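Reviewing the structure listed below.
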Amino acid sequence: MALSRKPIEIVEEGKHQLLIKAPHWGRVQLSYIAEVQNGFAFESELFSTSGGVPLIRIRDIDSESTQNFYVGKRLEEYIVRRGDILIGMDGDFHSAEWKGPDGLLNQRVCRISLQSQNFDRKFLFICLQPFLNAINAETSSVTVKHLSSKTIAEIPLPLPPLAEQKRIVGKIEELFSELDKGVESLRTAQQQLKVYRQALLKHAFEGKLTSDWRAQNSDKLESAETLLTRIQQEREARYQSQLQEWKEAQQAWEASGKTGIKPATPKAPKTLLPPTAEALSELPELPEGWVYVRAEAITDFITKGTTPSKELLFDGAGEVPFIKVYNLTKTGALDFTISPTFVNQKTHCGFLSRSKVYPGDVLMNIVGPPLGKVSIVPDTYPEWNINQAIAIFRSKLVRNNLLSVFLSSEATVRRTMRKSKATAGQFNLTLEICRDILIPLCGMHEQKQLSQALDEKLSNLDQLEKNIVESLQQSETLRHSILKKAFSGNLVAQDPNDEPSSTLLERICAERVLQPAKARGSRARAPA
C-alpha cells in the first residue's frame, strides 16, 4: 500500500526525531530543487543474466553490480551513472548512491537529480533517508509497501543557509568516516568469528578437538565395532518395547469388543546397510574408534509435524505450545517469544499425536531458505507440537547438543541442500534425506568431553558476537545522534554572515521559474 497522507503532515506530527529543523531554517519541497524520475518497465523477455546493459532493480541499488542485464534497445534517458541518487520504491524505501557502471533505471526504482545551484547535493542525500524511514513507518503494511514519486516530490526538506549546508556536510563526513572505519572493523571481526566457528565445528566432528583427551584416556575409548553393536542392541530393545506396548494395546482393544481403532503392529527394525564408499569419500576422515552412521540408526524417531486448520491454533496463550520454523534459531536455542502459538490438549493428543515433541528433542527446519535452523526443545513445557516444516530427531545414542550443532553446521547444510528438492528458490528436505544424514559418532565418554569443550568455546564465541552486535547498535545510535544534532542546527557553529534561509528560498523560486517546463518535470509544485 502507499502513504495515505502528505509528508508534511508526518513532519508536523513531530513523532520522528530526524525530521526536525533548526528554528532559523526554512523548508523547501524536494520537487522545487530536484527532478524525480521513475524507472522504465523494460521487457522481461529481454532480460539476461550475462551480456547487455546492467539493469538496476531495487535489490541492486546499494551494490556495485546487477543480477540482470538488458539486451534490448538502450534508452539514454534511463541511463544511470556512478554517483546518481536512487531510491527503491517497494519494501523498505532505501536510498543509495549508485556505485556500479552505467546501467538502466528499472521500474520501481527512481532517480533524484538535483536541478538547483542553491541546494547542496550531499546535503540532499543526507536528508533523504530519514524522510524515507518515516514514510515507511507511516505506510500500511497490510500488503507490500509502495512509495510513489509524488510522495517523494512532496518531501519538505530542511533549508539551512547554503554555507551552513556545506559546513554540516563536511562535519558529518568527518564524523561518519570515523564511524564507518569502526563499523568496518566490527563487520570484519563478525565475519572472522563465523569462519572460526565453522573451523571449530569441523575440528570437533573430525575428532581433533578431543585428540589430547583420547591420548590420555585410552581406557575409556570404545571401538567402532562396540559402537555399532550398541546401536543394534538399542534398536532391538526399542522394537521389543514397542512390541510389548502393542500387545497390551491389542489386549485392551479385544477386551473392549474390538471397538475403536485397531492398534498398528510395530515394524521390526530393518537391517541398516553401512554408508557407501561414495558417500564416505565426500566426508572427512575420522580417528580410530569413530564411525559414520545414518541418522535413523541412532534415533528413536525421525518424522515431521503437521499443521492443523487455523481455527485449531491460538495466538498468545493456550494449553500446548505449537512450534513454527521462525521459532527455530541457528544457535540451538528455541525462541518461543516470536508470535507464540498454541493448540489445545484434544488437538495435541488427537490430530497432532504423531508430531508431539518433548524437552531435549532436536528440531530442524526442512523447508527453506534458509536451511540449518536447528533448536533443542526446552523444558519450559512438558510437551510441545510442531508444524509440517520441521523434523524431529530424538536419540539416546548421541548427546542432543552435539546433534544440534552438527545438523546446523554449514558443511551439513551444504550436503543436505545438494540432495534437496528446489522449486522456485525454495528448498525442501524429505524425511528420507533426514534419515540418511551421515553423523560422526564416538563413545559416550568422549561425547561428554566433546560436548563440554564445544559448549565452552561456542559460549565464548556467542559472547564475542553479542559484544560486536551491541557495538554495532551503539554505532547506529551515535549516527542517529549526529544527524539529530545536524538537523536541529547544533552540529556546526552558526555564522551571522550566512545568507538567511528566506533569501535562499527566494533565489530557489526565481531559479525554478527560469527552468524549461520539460526540465522541471515533477518539480512543478510550490515549496512547502
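On a predicted model such as this, the values are computed, not experimentally measured, just so you know. Heavy-atom basis, side chains included; hydrogens, waters and symmetry copies ignored.
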Are more than 12 heavy atoms from other residues, nucleotides or ligands located less than 6.0 Å from atom [atom1] of [X]?
| X | atom1 | result |
| --- | --- | --- |
| K304 | NZ | no |
| E76 | CD | yes |
| H445 | NE2 | no |
| K484 | NZ | no |
| Q117 | CD | no |

Using a strict threshold of under 4.0 Å (side-chain N to carboxylate O), is an ion pair present between [Y] and [X]?
| X | Y | answer |
| --- | --- | --- |
| E164 | K166 | no |
| K194 | E410 | no |
| E97 | R121 | yes |
| K99 | D62 | yes |
| K6 | E9 | no |

**OP:** Could you tell me which residues satisfy side chain to side chain contact (heavy atoms under 4.5 Å, CB included) with V183, sequence neighbours excluded, listed by chain and number?
**Re:** R187, L472, S475, R479
**OP:** Output all residues satisfying side chain to side chain contact (heavy atoms under 4.5 Å, CB included) with S404, sequence neighbours left out; order by chain, then residue number.
**Re:** V362, V374, I376
**OP:** Have a look at K324 and tell me which of N387, N365, T341 forms a side-chain hydrogen bond (donor to acceptor under 3.5 Å, both in side chains) with it.
**Re:** T341
Original post:
Going by the side-chain hydrogen bond (donor to acceptor under 3.5 Å, both in side chains) test, which pairs reach into residues 281-293, not counting sequence neighbours?
Top reply: W290-E446
Taking every non-hydrogen atom, the tightest pair across [X] and [Y]:
| X | Y | answer |
| --- | --- | --- |
| L114 | I33 | CD1-O, 3.2 Å |
| V71 | G51 | CG1-O, 4.1 Å |
| A391 | I366 | CB-CG2, 3.7 Å |

**OP:** Kindly indicate whether the side chain of Q67, heavy atoms from C-beta on, has any atom under 4.5 Å from the side chain of T49.
**Re:** no
**OP:** Please tell me if the side chains of R415 and L438 come closer than 4.5 Å, counting only heavy atoms from C-beta onward.
**Re:** no
Exercise: do [X] and [Y] side chains pair donor with acceptor under 3.5 Å:
| X | Y | answer |
| --- | --- | --- |
| S488 | N490 | yes |
| T412 | S409 | yes |
| Q190 | E465 | yes |
| D335 | T329 | no |
| T210 | Q449 | no |
| D92 | N136 | no |
| E456 | N460 | no |
| S420 | N428 | no |
| Q447 | R399 | no |
| Q463 | N467 | yes |
| S65 | S63 | no |

Can you name the ring pair (Phe, Tyr, Trp, His ring centres under 6.0 Å) partners of [X], sequence neighbours left out?
| X | result |
| --- | --- |
| F42 | F40, Y70 |
| F119 | F123 |
| W98 | none |
| F125 | none |

Taking salt bridge (charged side-chain N to carboxylate O under 4.0 Å, His left out) as the definition, give me every residue that meets it alongside [X], ordered by chain and number, with sequence neighbours left out.
| X | answer |
| --- | --- |
| D462 | R197 |
| E206 | K202, K208 |
| K485 | none |
| R5 | E13, E138 |

Subject >> By side chain to side chain donor-acceptor pair (under 3.5 Å) - contacts of Y381 (at least two apart) >> reply: none
Subject >> Ring centroid separation F487 to W25 under 6.0 Å >> reply: no
